[in-house]
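Please read the structure below before turning to the comments.
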Protein chains: 2
Amino acid sequence: MNQNEDDTCQIKYVNHELVTALLKSQHDNKIVSGLAEIFGVLADPTRLKICMFLSESELCVCDLAGMLNISESAVSHQLRLLRSLRIVKYRREGKMAFYTLDDNHITSLIKQGLDHAKEKGE
Amino acid sequence: MNQNEDDTCQIKYVNHELVTALLKSQHDNKIVSGLAEIFGVLADPTRLKICMFLSESELCVCDLAGMLNISESAVSHQLRLLRSLRIVKYRREGKMAFYTLDDNHITSLIKQGLDHAKEKGE
DNA sequence: CAAACACCTGAGCAATCGTTCAACTATAAT
DNA sequence: ATTATAGTTGAACGATTGCTCAGGTGTTTG
């Protein structure tokens, strides 16, 4: 017979005390979502490279497009996303827009991630 | 007249020296891809929560499914992915499989990310 | 053995993502 | 004013993602 909603696992929790403790000490869902969003920004190679380049120097859309070998449109789309998340900011100079990182956290996250990526062959 | 392949930006690079220097000091593409992959793992709330829970304690599939309120199948699929990237490992005990983190790097990445996510209202 | 159980897996589907294309804005130069 | 240029934007597309569903392992219990 089935006491639970599912027909898969019969036991409510294998270690009830542990599980409830973990659930209680769990972070707020908004924080977890925000964290996932930050990681999501860095999960795309194009955006990651943009952030890595911008962490080194201020750059215009044109140069980023050339460096990444994709269209300016694609770069602009990604920059808009990064802008909306306050990860980059920009400065207008005539026709051109020069972008920089607006969030130093990103740089340190990338640095820490790099250490791990390097030591893993994968 | 156009010297480049594209018809978008006419100048090859606004700051040629800077750009070539950045391109030269750029990390190997494999490393960047690997890094993006790591961030991608943590970009999904379900996987992120799994990693956060497993960084606290060893847990079986059944409990994870209950804690996350999704099917065991969904958990199993995600665990397979995490297994293939050597982020989690598991221990069989009878019918049950107990999972733990296989990569401490993940824990420190999450910790660092959390500090940033918390201080940002977003 | 057969039934129950914890977990795994492949197929399929809706939703999301990253890019290109074409059209648009805004600034600069002739 | 006309033209060119740097950048932005919306639509559309192909690809990927995360889930459910149904069926399949392998282990344990009766």
Side-chain angles (χ1 to χ4, degrees), chain A residues 1-15 33 36-37 39-51 58-85 88-99, chain B residues 1-15 33 36-37 39-50 58-66 68-85 88-99:
Chain A
M1 205 76 50
N2 203 350
Q3 301 183 355
N4 301 328
E5 35 186 334
D6 288 330
D7 57 342
T8 48
C9 188
Q10 305 306 315
I11 321 165
K12 184 63 188 174
Y13 286 123
V14 171
N15 187 339
S33 301
E37 194 175 47
F39 285 130
V41 167
L42 303 172
D44 174 64
T46 297
R47 273 193 306 266
L48 180 55
K49 285 176 194 165
I50 289 177
C51 290
E58 183 187 58
L59 288 164
C60 65
V61 179
C62 180
D63 280 357
L64 281 170
M67 297 165 81
L68 298 165
N69 206 29
I70 57 174
S71 68
E72 291 181 32
S73 174
V75 174
S76 191
H77 277 298
Q78 298 295 10
L79 286 173
R80 175 165 57 158
L81 199 161
L82 296 171
R83 238 164 38 218
S84 75
L85 298 174
V88 304
K89 62 185 173 192
Y90 72 106
R91 165 177 76 83
R92 281 214 143 272
E93 190 172 305
K95 293 180 285 191
M96 310 179 66
F98 289 93
Y99 281 81
Chain B
M1 205 83 43
N2 203 350
Q3 300 183 355
N4 301 329
E5 36 186 333
D6 286 334
D7 57 341
T8 48
C9 188
Q10 305 305 315
I11 321 167
K12 186 61 189 174
Y13 287 121
V14 172
N15 187 340
S33 301
E37 195 175 45
F39 286 130
V41 167
L42 303 173
D44 174 64
T46 298
R47 273 195 306 268
L48 180 56
K49 285 176 194 165
I50 289 176
E58 184 186 58
L59 289 164
C60 65
V61 179
C62 178
D63 281 355
L64 280 171
L68 297 165
N69 205 29
I70 57 173
S71 69
E72 290 182 30
S73 174
V75 175
S76 191
H77 277 297
Q78 298 294 10
L79 287 172
R80 175 163 58 157
L81 199 161
L82 295 171
R83 237 162 42 215
S84 75
L85 297 175
V88 303
K89 62 185 175 193
Y90 71 106
R91 168 179 74 82
R92 281 215 144 271
E93 192 171 303
K95 294 179 283 190
M96 309 179 67
F98 289 93
Y99 281 81

- Message: Between A:Arg92 and A:Gly94 (side chain of the first, backbone of the second, donor and acceptor by atom type, cut-off under 3.5 Å), is there such a pair?
- Response: yes

Interatomic distance, [X] [atom1] vs [N] [atom2] [rounded to whole Å]:
| X | N | atom1 | atom2 | value |
| --- | --- | --- | --- | --- |
| A:Leu82 | D:dT9 | CG | C1' | 16 Å |
| B:Phe98 | D:dT27 | CZ | C1' | 14 Å |
| B:Ile50 | C:dC7 | CD1 | P | 13 Å |
| A:Glu93 | D:dA6 | CD | P | 13 Å |
| B:Ile70 | C:dC7 | CD1 | P | 13 Å |
| A:Leu68 | C:dG18 | CG | P | 14 Å |
| B:Asn69 | D:dG18 | CG | P | 18 Å |
| A:Met96 | D:dG7 | CE | P | 5 Å |

- Item | Criterion side-chain contact (heavy atoms from CB on, under 4.5 Å) on A:Gln78 and A:Asp44, from CA distance to verdict | CA-CA 10 Å; A:Gln78 298 295 10; A:Asp44 174 64; 3.8 Å; yes

- Task: Hey, could you give me the CD1/CG distance between A:Ile50 and A:Leu82, rounded to the nearest 0.5 Å?
- Result: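 The CG atom of A:Leu82 is 6.0 Å from CD1 of A:Ile50, to the nearest 0.5 Å.
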
- Message: So, taking the atom named OG in A:Ser71 and the one named NE2 in A:His77, what distance separates them when rounded to the nearest 0.5 Å?
- Response: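 Answer for the OG-NE2 pair, A:Ser71 versus A:His77, is 7.5 Å.
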
Using a cutoff of under 3.5 Å, can you pull out all pairs of nitrogen or oxygen atoms linking the protein to nucleotides 8-10 of chain C, with atom names and distances?
unit_1 : atom_1 : unit_2  : atom_2 : d
C:dC8  : OP1    : B:Tyr99 : OH     : 2.5
C:dC8  : OP2    : B:Ser76 : OG     : 2.9
C:dC8  : O5'    : B:Ser76 : OG     : 3.3
C:dT9  : OP2    : B:Arg83 : NH2    : 3.3
C:dT9  : O4     : B:Ser73 : OG     : 2.7
C:dG10 : OP2    : B:Arg80 : NH1    : 3.0
C:dG10 : O6     : B:His77 : NE2    : 2.8

- A:Tyr99: which of A:Glu58, A:Arg83, A:Lys89 passes side-chain hydrogen bond (donor to acceptor under 3.5 Å, both in side chains): A:Arg83

- Taking every non-hydrogen atom, the tightest pair across A:Arg47 and A:Val41: NE-O, 2.8 Å

- Message: Testing the basics here: between A:Tyr90 and A:Ala97, what is the closest heavy-atom pair and its distance to 0.1 Å?
- Response: CD1-CB, 4.0 Å

- Please state whether the phosphate of C:dC17, meaning OP1 or OP2, lies under 4.0 angstrom from any side-chain nitrogen or oxygen of A:Gln78. no

- Should B:Leu64 and B:Val61 count as side-chain neighbours, where that means a heavy-atom distance under 4.5 Å? no

- Message: Just to verify, what does B:Arg80 make a salt bridge (Lys or Arg N to Asp or Glu O under 4.0 Å) with, not counting sequence neighbours?
- Response: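 Listed in chain order: nothing, the list is empty.
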
- Message: Does anything in residues 40-49 of chain B come within less than 4.0 Å of DNA chain D? Heavy atoms only, and list the residues if so.
- Response: B:Asp44, B:Thr46, B:Arg47

